[in-house]
Amino acid sequence: MNRLNNIISLNNDKIRYDESVKKLLSLKVMLAYILNNTLEEFKDHTIEETMKCIERVGISERNVDEDEMIKGINTESVSVSEGIRKFDILFDLIIRADGRYEKIIVNIEAQNTSTSYSLLKRAQYYVSRMISNQYGREFVKSDYDDIKKVISIWLCMKNGCEEGKMDIYYSHHKNCQLMSHQYKDTEDFFTIVMVDIGKSDNPFINTLNILF
(Lines give C-alpha, C1' and ligand atoms only; values in the text may rest on other atoms or scores of the structure.)
Protein backbone atom coordinates (compact mmCIF):
# COMPACT_ATOMS: atom_id res chain seq x y z
CA MET A 1 0.00 0.00 0.00
CA ASN A 2 2.82 2.43 0.84
CA ARG A 3 4.48 1.67 -2.50
CA LEU A 4 1.18 2.32 -4.32
CA ASN A 5 0.77 5.61 -2.47
CA ASN A 6 4.29 6.61 -3.46
CA ILE A 7 3.59 5.81 -7.12
CA ILE A 8 0.35 7.82 -7.02
CA SER A 9 2.15 10.71 -5.33
CA LEU A 10 4.93 10.65 -7.95
CA ASN A 11 2.38 10.57 -10.79
CA ASN A 12 0.46 13.48 -9.27
CA ASP A 13 3.69 15.44 -8.89
CA LYS A 14 4.54 14.75 -12.53
CA ILE A 15 1.06 15.83 -13.67
CA ARG A 16 1.31 19.04 -11.65
CA TYR A 17 4.81 19.67 -13.01
CA ASP A 18 3.72 19.05 -16.60
CA GLU A 19 0.74 21.36 -16.21
CA SER A 20 2.91 24.09 -14.66
CA VAL A 21 5.45 23.80 -17.49
CA LYS A 22 2.74 24.02 -20.15
CA LYS A 23 1.13 27.02 -18.47
CA LEU A 24 4.51 28.76 -18.22
CA LEU A 25 5.34 28.01 -21.86
CA SER A 26 1.95 29.30 -23.02
CA LEU A 27 2.62 32.83 -21.73
CA LYS A 28 3.25 35.15 -24.65
CA VAL A 29 6.36 36.63 -23.05
CA MET A 30 7.85 33.13 -22.67
CA LEU A 31 6.91 32.14 -26.22
CA ALA A 32 8.53 35.33 -27.52
CA TYR A 33 11.72 34.61 -25.55
CA ILE A 34 11.92 31.11 -27.05
CA LEU A 35 11.24 32.33 -30.60
CA ASN A 36 13.84 35.10 -30.37
CA ASN A 37 16.48 32.57 -29.38
CA THR A 38 15.64 29.74 -31.78
CA LEU A 39 14.36 31.20 -35.05
CA GLU A 40 16.32 33.23 -37.58
CA GLU A 41 13.24 35.31 -38.38
CA PHE A 42 13.16 36.76 -34.85
CA LYS A 43 16.82 37.07 -33.88
CA ASP A 44 16.73 40.89 -34.22
CA HIS A 45 13.28 41.32 -32.61
CA THR A 46 12.61 42.61 -29.12
CA ILE A 47 10.40 40.53 -26.85
CA GLU A 48 7.61 43.09 -27.29
CA GLU A 49 7.86 42.99 -31.09
CA THR A 50 7.65 39.20 -31.15
CA MET A 51 4.73 39.11 -28.72
CA LYS A 52 2.71 41.20 -31.20
CA CYS A 53 3.17 38.45 -33.82
CA ILE A 54 1.73 35.68 -31.61
CA GLU A 55 -1.95 34.79 -31.99
CA ARG A 56 -4.41 32.07 -30.89
CA VAL A 57 -2.30 30.36 -28.26
CA GLY A 58 -3.70 26.96 -27.26
CA ILE A 59 -2.53 24.55 -24.56
CA SER A 60 -3.47 20.87 -24.39
CA GLU A 61 -6.26 20.06 -21.91
CA ARG A 62 -7.07 23.73 -21.42
CA ASN A 63 -6.47 27.20 -22.86
CA VAL A 64 -4.35 29.86 -21.20
CA ASP A 65 -6.00 32.81 -19.47
CA GLU A 66 -7.96 35.07 -21.80
CA ASP A 67 -5.81 38.14 -21.12
CA GLU A 68 -2.71 36.26 -22.34
CA MET A 69 -4.19 34.98 -25.57
CA ILE A 70 -6.44 35.71 -28.48
CA LYS A 71 -8.77 32.84 -29.44
CA GLY A 72 -7.44 29.45 -28.33
CA ILE A 73 -6.40 27.20 -31.19
CA ASN A 74 -7.44 23.54 -31.07
CA THR A 75 -4.47 21.48 -29.88
CA GLU A 76 -5.95 18.14 -30.96
CA SER A 77 -4.96 16.36 -34.16
CA VAL A 78 -7.62 13.82 -35.06
CA SER A 79 -7.22 10.95 -37.52
CA VAL A 80 -9.55 7.97 -38.00
CA SER A 81 -6.63 5.57 -38.39
CA GLU A 82 -4.13 7.24 -36.03
CA GLY A 83 -6.41 8.46 -33.25
CA ILE A 84 -6.04 11.70 -31.31
CA ARG A 85 -2.69 13.39 -30.71
CA LYS A 86 -2.43 16.46 -28.50
CA PHE A 87 0.20 19.09 -29.07
CA ASP A 88 1.49 20.70 -25.85
CA ILE A 89 1.39 24.27 -27.16
CA LEU A 90 0.06 25.37 -30.54
CA PHE A 91 -0.22 28.91 -31.88
CA ASP A 92 -0.12 31.11 -34.97
CA LEU A 93 2.61 33.56 -35.90
CA ILE A 94 1.75 36.49 -38.14
CA ILE A 95 4.88 38.04 -39.66
CA ARG A 96 5.49 40.58 -42.39
CA ALA A 97 7.55 39.20 -45.26
CA ASP A 98 8.22 40.73 -48.68
CA GLY A 99 5.62 43.43 -48.13
CA ARG A 100 2.84 41.02 -47.13
CA TYR A 101 1.66 39.23 -44.02
CA GLU A 102 2.43 35.55 -43.65
CA LYS A 103 1.04 33.01 -41.19
CA ILE A 104 3.26 30.34 -39.62
CA ILE A 105 1.89 27.58 -37.36
CA VAL A 106 4.10 26.81 -34.36
CA ASN A 107 4.14 23.90 -31.92
CA ILE A 108 6.21 23.76 -28.72
CA GLU A 109 6.69 20.46 -26.91
CA ALA A 110 8.10 20.03 -23.39
CA GLN A 111 9.74 16.60 -23.16
CA ASN A 112 10.41 15.67 -19.55
CA THR A 113 11.08 11.94 -19.89
CA SER A 114 13.66 9.83 -21.70
CA THR A 115 12.40 7.78 -24.66
CA SER A 116 13.46 4.56 -26.34
CA TYR A 117 12.77 6.05 -29.78
CA SER A 118 14.14 8.96 -31.79
CA LEU A 119 12.60 12.26 -30.70
CA LEU A 120 13.61 13.74 -34.05
CA LYS A 121 11.45 11.18 -35.87
CA ARG A 122 8.58 12.00 -33.51
CA ALA A 123 9.08 15.70 -34.30
CA GLN A 124 8.99 14.90 -38.02
CA TYR A 125 5.70 13.08 -37.45
CA TYR A 126 4.34 16.11 -35.60
CA VAL A 127 5.19 18.59 -38.38
CA SER A 128 3.60 16.17 -40.86
CA ARG A 129 0.39 16.21 -38.81
CA MET A 130 0.56 20.00 -38.54
CA ILE A 131 0.65 20.17 -42.34
CA SER A 132 -2.08 17.60 -43.00
CA ASN A 133 -4.33 19.24 -40.36
CA GLN A 134 -4.44 22.37 -42.49
CA TYR A 135 -6.74 20.72 -45.00
CA GLY A 136 -10.16 22.33 -44.71
CA ARG A 137 -8.72 25.09 -42.50
CA GLU A 138 -5.91 26.78 -44.42
CA PHE A 139 -6.53 25.20 -47.84
CA VAL A 140 -9.26 23.28 -49.64
CA LYS A 141 -9.37 20.93 -52.62
CA SER A 142 -6.14 21.33 -54.60
CA ASP A 143 -5.08 24.76 -53.29
CA TYR A 144 -1.80 23.38 -51.93
CA ASP A 145 -0.06 26.74 -52.39
CA ASP A 146 -2.08 27.95 -49.38
CA ILE A 147 -0.37 25.49 -47.02
CA LYS A 148 1.37 27.40 -44.22
CA LYS A 149 4.90 26.80 -43.00
CA VAL A 150 5.08 24.86 -39.71
CA ILE A 151 7.63 24.96 -36.89
CA SER A 152 8.03 22.46 -34.06
CA ILE A 153 10.27 23.37 -31.10
CA TRP A 154 11.19 20.63 -28.62
CA LEU A 155 12.49 21.46 -25.15
CA CYS A 156 14.07 18.26 -23.84
CA MET A 157 14.66 18.40 -20.10
CA LYS A 158 15.86 14.81 -19.58
CA ASN A 159 18.02 13.91 -22.53
CA GLY A 160 20.54 11.55 -20.94
CA CYS A 161 23.38 14.07 -21.15
CA GLU A 162 24.31 16.98 -18.92
CA GLU A 163 25.51 19.31 -21.67
CA GLY A 164 22.96 21.59 -23.28
CA LYS A 165 22.81 22.04 -27.03
CA MET A 166 20.47 23.05 -29.83
CA ASP A 167 20.01 21.52 -33.29
CA ILE A 168 17.87 23.04 -36.04
CA TYR A 169 16.56 21.07 -39.02
CA TYR A 170 15.19 22.71 -42.17
CA SER A 171 13.39 21.39 -45.21
CA HIS A 172 15.45 22.00 -48.35
CA HIS A 173 15.87 20.89 -51.91
CA LYS A 174 18.79 19.93 -54.10
CA ASN A 175 19.45 22.26 -57.03
CA CYS A 176 18.62 20.49 -60.27
CA GLN A 177 19.95 22.62 -63.13
CA LEU A 178 17.30 24.74 -64.85
CA MET A 179 14.39 23.30 -62.89
CA SER A 180 15.64 24.46 -59.48
CA HIS A 181 13.76 27.77 -59.66
CA GLN A 182 10.44 25.91 -59.62
CA TYR A 183 11.04 24.76 -56.06
CA LYS A 184 12.35 27.92 -54.42
CA ASP A 185 9.21 28.38 -52.29
CA THR A 186 9.63 24.96 -50.67
CA GLU A 187 13.12 25.52 -49.28
CA ASP A 188 11.87 26.53 -45.85
CA PHE A 189 8.61 24.58 -45.67
CA PHE A 190 9.12 23.37 -42.11
CA THR A 191 11.59 23.84 -39.27
CA ILE A 192 12.32 21.54 -36.32
CA VAL A 193 14.26 22.85 -33.33
CA MET A 194 15.59 20.33 -30.79
CA VAL A 195 16.88 21.91 -27.56
CA ASP A 196 18.67 19.63 -25.07
CA ILE A 197 18.42 21.54 -21.81
CA GLY A 198 21.53 21.36 -19.63
CA LYS A 199 24.56 23.36 -18.58
CA SER A 200 25.72 25.45 -21.50
CA ASP A 201 27.68 28.54 -22.49
CA ASN A 202 24.61 29.52 -24.49
CA PRO A 203 22.68 32.00 -22.24
CA PHE A 204 19.30 30.87 -23.62
CA ILE A 205 19.88 27.16 -22.94
CA ASN A 206 21.42 27.89 -19.54
CA THR A 207 18.41 30.01 -18.58
CA LEU A 208 16.06 27.16 -19.50
CA ASN A 209 18.22 24.78 -17.48
CA ILE A 210 17.87 26.97 -14.38
CA LEU A 211 14.17 27.61 -15.00
CA PHE A 212 13.07 23.99 -15.40
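Below, all heavy atoms of this structure are taken into account, side chains as well, without hydrogens, waters or symmetry copies.
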| query | Are the side chains of L90 and M130 in touch, meaning some heavy atoms are under 4.5 Å apart? | reply | yes
| message | Less than 4.5 Å apart, side chain to side chain, heavy atoms only: is that true for D88 and V21? | response | no
| E19 vs K22, salt bridge (Lys or Arg N to Asp or Glu O under 4.0 Å): CA-CA, chis, key distance, verdict | CA-CA 5 Å; E19 288 181 350; K22 288 177 186 178; over 6 Å; no
| query | Angle class for the Y144/F139 ring planes (parallel below 30°, perpendicular above 60°, tilted otherwise)? | reply | tilted
| task | Nearest 0.5 Å please: distance from the CD atom of E48 over to the SG atom of C53. | result | 12.0 Å
| task | Measure the shortest side-chain to side-chain distance between K165 and D167 over non-hydrogen atoms and say whether it is less than 4.5 angstrom. | result | yes
| message | Please give me the minimum heavy-atom distance between K199 and N209, naming the atom from each residue. | response | N-ND2, 3.6 Å
| request: List the steps, then state whether side chain to side chain contact (heavy atoms under 4.5 Å, CB included) holds for E109 with Y126. | output: CA-CA 10 Å; E109 293 293 318; Y126 273 43; 3.7 Å; yes
| For I59 and K23, which heavy atoms make the closest approach, and how far apart are they? | CD1-N, 3.6 Å
| query | Do other residues, nucleotides or ligands put more than 12 heavy atoms under 6.0 Å from D143 CG? | reply | yes
| field | Donor-acceptor contact present, side-chain N107 to main-chain I89, <3.5 Å | value | yes
| Would V57 and D92 count as a side chain to side chain contact (heavy atoms under 4.5 Å, CB included) if you check the C-alpha gap in whole Å, the side-chain angles of each, and the deciding distance to 0.1 Å? | CA-CA 7 Å; V57 181; D92 292 340; over 6 Å; no
| said: Any heavy-atom pair between the side chains of Y33 and T50 that's under 4.5 Å? | reply: no
| message | Measuring only between side-chain heavy atoms, which start at C-beta, is L119 closer than 4.5 Å to Y117? | response | yes
| Heavy-atom side-chain contact between F212 and L25 under 4.5 Å | yes
| field | Worked check of side chain to side chain contact (heavy atoms under 4.5 Å, CB included) between L39 and V193 | value | CA-CA 9 Å; L39 302 182; V193 181; 4.2 Å; yes
| query | If you look at every heavy atom in F91 and E55, which pair is closest and at what distance? | reply | CB-O, 3.5 Å
| request: Side-chain contact test, heavy atoms from C-beta onward, threshold under 4.5 Å: evaluate it for L24 versus L211 and give yes or no. | output: yes
| field | Heavy-atom pair of closest approach, residues N37 and M166 | value | O-CE, 3.6 Å
| field | Nearest heavy atoms of D146 and K148, plus distance in Å | value | O-NZ, 2.8 Å
| said: Within the 4.5 Å heavy-atom criterion, are L208 and N206 side-chain neighbours or not? | reply: no
| request: Apply salt bridge (Lys or Arg N to Asp or Glu O under 4.0 Å) to the pair K149 and E41, showing each step before the final yes or no. | output: CA-CA 13 Å; K149 174 183 175 180; E41 295 95 325; 2.9 Å; yes
| Closest non-hydrogen atom pair, F42 against L35 | CB-O, 3.8 Å
| field | Cluster link L31 to I94, ILVMFWY, side chain under 4.5 Å | value | no
